[in-house]
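Below is one structure, written out as structure tokens, with a few remarks after it.
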Amino acid sequence: MEEWEASFPSNDEASYYREKLRQSVDQLSALLPLVIDAALERLPEGHKDRVWAEMGPADLAFLVEPNASRVARLYRDSVSESHLFAWDAAKGQMKLFDGLGFRPKLADAVIAAVEAHLCRPAEKEEYEMVIFSGHLIDEPGRLEPRFPPDRVDKARQLIKDRLLSLQKEGRKLRVLASAAPGSDIICHEVCGEINVDSTLCLPMPRNIYASQVFTDGFDAWRTRYFNLLEKRPVLELSDRAGLPNWLSNKPGVDAWERGNEWVLRMALSSSAKKIMLLALWNQHEEPGRAGGTGHSVRIARGSGSVDVHIIDAQELLAN
């Protein structure tokens with residue numbers, strides 16, 4: 001609490017903002033059930049996004065309901081054998097709240113109750129999580145080539161070969177990656193080719209992400225991004241661009257780096273038997289570029305729990 005208050009010019013302003021948040025939460029608590037019902041009516045049975053709407057009442061209850069048994073029951077009722085990854089995603093979000101000190105006892109109690117209820121056989125839990133990160137395609141006019149547009153096929157083959165090598169001997173993989181033009185989008189497309197589950201992890205709403213990432217010169221990549229949205233599940237860290245107000249004034253906090261941290265935390269809190277980072281990286285961090293591949297590699301190595309695999313991006317420049 002002291003750290004949160006310190007992000008404001010005074011305690012009075014922190015108290016004022018806290019009260020405004022409380023009022024907003026009260027209003028949203030009344031409105032969100034209607035929004036969830038509308039989403040369920042709009043999405044037909046079998047739609048790829050319906051699972052997230054079905055889990056909406058449980059997610060809302062976690063934020064406002066003090067009774068752990070009631071919250072756990074809502075999650076149990078919404079989790080099916082065919083959508084266990086949705087539960088892993090929800091569990092990861094609760095772990096994030098736990099790490100922030102928000103309702104930690106409730107998070108622990110709900111996770112324990114749902115895991116006990118699921119009783120997932122060992123063979124169903126045996127998958128390996130791959131966090132993917134890689135360079136953007138070079139912007140028009142870039143002075144020093146790093147990932148030239150004419151090397152897309154080469155990058156695709158490098159990523160495909162490495163994923164196939166990780167997939168050998170029947171190992172089941174699940175991939176988490178963002179959706180920036182270049183390596184990220186190629187990775188998701190390759191996952192579709194070799195029958196690997198992948199999820200688009202966006203640090204902000206998908207439409208805002210598109211407007212900020214797919215600038216002039218990236219129209220073809222924008223189209224590929226929208227195609228992926230139709231084929232792959234999507235997780236969004238935030239409902240707005242940038243950082244929440246209480247983080248915006250903290251020095252050294254960046255929305256893109258926060259997105260990398262979120263994906264790492266989600267992977268670490270999953271039931272995967274092994275967690276890997278696969279990075280298409282030239283092993284040089286660029287000054288002034290926050291939240292890039294170098295940052296993903298650094299935090300993965302710092303976690304002490306992630307096996308890091310580097311695809312040398314210098315190969316993209318070889319003749």
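Keep in mind the model is a prediction, meaning the values are calculated, not measured.
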task = Would you please test S305 and L268 for side chain to side chain contact (heavy atoms under 4.5 Å, CB included) and show each step?
result = CA-CA 8 Å; S305 304; L268 292 173; 3.8 Å; yes
query = Shortest non-hydrogen contact from I194 to Q167?
reply = O-NE2, 3.4 Å
query = Are E261 and R265 close enough for a salt bridge, meaning some N to O gap below 4.0 Å?
reply = no
ask   = Any ion pair linking E193 and R156 (charged N to carboxylate O, less than 4.0 Å)?
value = yes
request  = Give the intermediate values and the outcome of side chain to side chain contact (heavy atoms under 4.5 Å, CB included) for residues L277 and L264.
outcome  = CA-CA 9 Å; L277 173 76; L264 176 62; over 6 Å; no
ask   = For W221 and I185, which heavy atoms make the closest approach, and how far apart are they?
value = O-CD1, 3.7 Å
inquiry  = Membership question, hydrophobic clusters at under 4.5 Å side-chain separation (ILVMFWY): are I159 and L317 in the same one?
reply    = no
message = So that I can tick it off, tell me whether D108 and K105 are bridged by a salt bridge, with the cut-off set at under 4.0 angstrom between side-chain N and carboxylate O.
response = no
ask   = What pair of heavy atoms forms the shortest contact from P66 to L106, and how long is it?
value = O-CD1, 4.3 Å
query = Looking only at atom types and distance, does a side-chain atom of R224 sit under 3.5 Å from a main-chain N or O of I186, one as donor and one as acceptor?
reply = no
key: Single-linkage hydrophobic cluster L74~F62, side-chain heavy atoms < 4.5 angstrom   = no
query = Which heavy atom of N282 sits nearest a heavy atom of D312, and at what distance?
reply = CA-OD1, 4.4 Å
query = If you take all heavy atoms of S198 and H188, which pair is closest and at what distance?
reply = OG-ND1, 2.9 Å
inquiry  = Could you check whether K172 pairs with E126 (Lys NZ or Arg NE/NH1/NH2 to Asp/Glu carboxylate O, under 4.0 Å)?
reply    = no
key: side chain to side chain donor-acceptor pair (under 3.5 Å) assessment of D153 paired with Q157   = CA-CA 6 Å; D153 289 342; Q157 194 60 52; over 6 Å; no
Sole candidate of L163, T199, D197 that passes side chain to side chain contact (heavy atoms under 4.5 Å, CB included) when paired with C191 = L163
Sub-4.5 Å side-chain heavy-atom contact between L166 and H309 = yes
key: is_close_aromatic(Y225, Y209), centroid dist under 6.0 Å   = yes
request  = Taking all non-hydrogen atoms of both residues into account, name the closest pair between L280 and A313 and its distance.
outcome  = CD1-CA, 4.0 Å
